[in-house]
Amino acid sequence: MTVAVREAGTTVDPERVLSTFLELVRIDSPSGHEQAIAERLLTLLQTFGVDAEIDATGNVVGRRAGNGAHADAAPLLFSAHMDTVQPGTGVKPVVEDGFVRSDGSTILGADDKAGITAIVEALRTAHEQALDCVPMEIAFTVQEETGLTGAKGLDFTRIRASLGVVLDSNGPVGTIVNQAPAADKLQAVIHGRAAHAGVSPEKGVSAVQAAARAIAPMKLGRIDEETTATIGLINGGVADNIIPDRVELTGGARSRSEAKLQAQSEHMRRLLEDEAEKMGARAEVTVTRSYGAIDVPPDSPLIGMLEVALRACGLEPRLVPTGGGSDASVYNDHGIEAVNLGVGYTEMHSTTEHIAVADLARIAEVVLAVMTRRG
Ligand SMILES: [Zn+2]
């Protein structure tokens with residue numbers, strides 16, 4: 001096994017970072033089945049002097065008081081998610097040529113176990129070396145991949161931090177994701193009228209055809225550089241010889257501009273309602289807000305603090321926007337100014353997902369630098 005040589009100024013142990021990561025990716029944790037990894041992480045946190053518990057939603061939540069020079073600093077929330085996408089059970093990590101990959105039959109789960117590893121190893125190092133740290137809260141969440149459910153289920157009345165660092169983005173270590181879109185979920189039911197397709201089609205109103213007429217002219221895909229939309233699921237009809245009286249559609253829109261998001265959701269709703277009505281069908285459309293936008297200004301104290309820590313680790317910070325939501329979106333919705341950091345993994349959600357061994361140590365070192373206010 002090849003392991004990166006310990007760099008000057010590095011305080012996390014790269015070999016131990018790698019072995020922690022390998023241990024965590026071998027624990028199955030598809031969304032909704034995070035109990036085993038949660039129990040392992042609970043034990044680890046408690047070993048490092050973190051006051052931790054598993055909450056009612058299944059998240060691992062921890063608190064650690066600040067100490068020494070940073071005892072009275074503003075508390076910081078560190079977060080990563082425990083669940084993985086499929087195919088994600090029975091992961092067999094392969095370490096080769098400085099990278100960790102799966103054996104090709106599953107995802108690797110660096111998304112987001114590399115993020116968890118970074119937080120765990122930074123806490124372990126701070127504990128063992130008795131380093132002065134800022135007050136911290138830790139959240140390892142469940143079911144991020146299936147709708148940010150774990151983060152939404154956190155008891156925010158118990159979280160003191162007003163600043164958060166989420167370790168859950170692709171992109172090189174040094175990346176700070178400070179802008180993310182708000183998202184609307186659209187659910188529609190089109191009610192037509194059933195009739196025999198051969199005997200009396202003129203008595204029917206096809207919900208499938210109404211859906212098709214609405215979707216065909218709909219602006220979907222990339223709308224502009226900060227707005228996207230999709231109809232992702234469509235379900236309807238009962239048999240090939242019956243005019244279908246019901247079709248269900250699920251989709252949504254995202255934009256970093258609130259005005260553009262509202263316009264896009266309204267465009268989708270209108271088309272469904274209008275085209276259904278033209279055919280004598282009826283569309284019931286519900287638009288709900290999944291999460292709000294993130295827009296942390298480049299000159300905010302949080303970004304300044306992260307830039308100092310990254311530079312102290314020899315990295316050049318890079319601010320980037322993203323087109324997707326994450327637990328950071330939920331934290332911002334609850335008044336916690338949170339950004340997402342690039343963890344170094346690539347091709348996540350695929351069987352070719354991989355991460356450099358050196359990046360595992362690098363991101364753990366960055367988390368340690370943030371916790372200890374290095375630089
Ligand atoms: Zn993730």
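Throughout, numbering of the chain's residues begins at 1 and tracks the sequence. Worth saying up front: this structure is predicted, and the values here are computed from it rather than measured. Start at 1 and go down the list; that is how both ligands and their atoms are numbered. Reckoned from all heavy atoms, side chains included, excluding hydrogens, waters and symmetry mates.
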Glu145 backbone or side-chain N/O/S under 2.8 Å from the Zn ion (ligand 1): no
Leu315/Arg362 under side chain to side chain contact (heavy atoms under 4.5 Å, CB included): CA gap, chis, key distance, verdict: CA-CA 9 Å; Leu315 294 157; Arg362 205 167 271 143; 3.9 Å; yes
Leu22 and Thr20: CA distance, side-chain angles, deciding distance, side chain to side chain contact (heavy atoms under 4.5 Å, CB included) verdict: CA-CA 5 Å; Leu22 295 177; Thr20 297; over 6 Å; no
The Zn ion (ligand 1) contact by Asp168, N, O or S atom under 2.8 Å: yes
Geometric class of the Phe99/His354 ring pair [parallel <30°, tilted 30-60°, perpendicular >60°]: perpendicular
Considering only N, O or S atoms of Asp111, the one closest to the Zn ion (ligand 1): OD1
N, O or S atom within His81 nearest to the Zn ion (ligand 1), by name: NE2
Between Thr352 and Ser350: side-chain donor-acceptor atoms closer than 3.5 Å: yes
